[in-house]
Amino acid sequence: QVQLVESGGGLVQAGGSLRLSCRASVSIFSINVMGWYRQNPGKQRELVAAITSGGSTNYADSVKGRFTISRDNAKNTVYLQMNSLKPEDTGVYYCNAARMISNYWGQGTQVTVPS
């Protein structure tokens, strides 16, 4: 199994920034894709950003130019730098790890951007 430990969520005013962290219990080189998803009650969970073991990235159109996903291999940690936050970014953010045929999820961390 892969355990994912998240941190960094909180409340920030519109236009502000947050940095989410997701540390994996295994080397992230062994994980094909790590990503961040977000969800609010009554809404579908959506992909926010993803990064492969090779360094390729993918972003939702709504966050392009504002969010950056990155990794620290020595710390087995993936980050999501969130800038220019908007109220629409509010939600529970989940870290995801996809390895072979398995998917693993973090516990979720709340991000709130008041309107």
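Along the sequence shown, residues are numbered consecutively beginning with 1. No hydrogens, no waters, no symmetry mates; every other heavy atom, side chains included, goes into these values. Computed from a prediction, not measured in an experiment: that's the story for all the values here.
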Fill in the blank from the handout: A49 and Y59 have their tightest heavy-atom pair at CB-CD2, 3.6 Å
Handout entry: Smallest separation among heavy atoms of L47 and A50, with atom names
Key = CD1-CB, 4.1 Å
Problem - Note, I28 side chain near N73 side chain (heavy atom, < 4.5 Å) - result: yes
Practice task
Please name the pair of heavy atoms, one in V2 and one in A97, separated by the smallest distance, quoted to 0.1 Å.
Solution key: CG1-CB, 4.5 Å
Exercise for the section: Anything under 30° is parallel, anything over 60° is perpendicular, the rest tilted; go ahead and classify F67 against Y93. Expected result: tilted
Practice task
Determine whether V26 and I31 make a side-chain contact, defined as any pair of heavy atoms from C-beta on separated by less than 4.5 Å.
Solution key: yes
Exercise for the section: Examine I69 and V48 and state if one hydrophobic cluster contains both, with Ile, Leu, Val, Met, Phe, Trp and Tyr joined whenever side-chain heavy atoms are less than 4.5 Å apart. Expected result: yes
Practice task
First locate atom CZ of R99, then atom OG of S27, and finally report the distance between them rounded to the nearest 0.5 Å.
Solution key: 9.5 Å
Exercise for the section: Take Q107 and T109 through the test side-chain hydrogen bond (donor to acceptor under 3.5 Å, both in side chains) and record every step on the way to the result. Expected result: CA-CA 7 Å; Q107 79 285 356; T109 184; 5.7 Å; no
Exercise for the section: Heavy atoms only: give me the nearest L4-C95 pair and the separation to one decimal. Expected result: CD1-O, 3.6 Å
Exercise for the section: Could you verify whether a donor N or O on one side chain and an acceptor N or O on the other, from R19 and Y79, lie under 3.5 Å apart? Expected result: no
Practice task
Check whether NZ of the Lys or CZ of the Arg R38 lies under 6.0 Å from the centre of the six-membered ring of Y94 and within 45 degrees of that ring's axis.
Solution key: no
Exercise for the section: Return yes if a side-chain donor-acceptor contact under 3.5 Å exists between N83 and S17, otherwise no. Expected result: yes
Problem - Salt-bridge present (D61, K64; N to O < 4.0 Å) - result: yes
Handout entry: Pairwise side-chain contact, S70 with I51, heavy-atom cut-off 4.5 Å (strictly under)
Key = no
Handout entry: Non-hydrogen atoms of L85 and R66 that approach each other most closely
Key = CA-NH1, 3.9 Å
Exercise for the section: Could you check if a side-chain atom of T52 sits within less than 4.5 angstrom of a side-chain atom of N32, using non-hydrogen atoms only? Expected result: no
Handout entry: Side chain proximity check, N96 to M34, heavy atoms < 4.5 angstrom
Key = no
Problem - Q39 vs Q44 side-chain heavy atoms within contact, under 4.5 Å - result: no
Completion exercise
Heavy-atom closest pair (S21 atom, W36 atom, distance to 0.1 Å) is O-CH2, 3.6 Å
Practice task
Check whether any side-chain heavy atom of E88 sits under 4.5 Å from a side-chain heavy atom of S62, and report yes or no.
Solution key: no
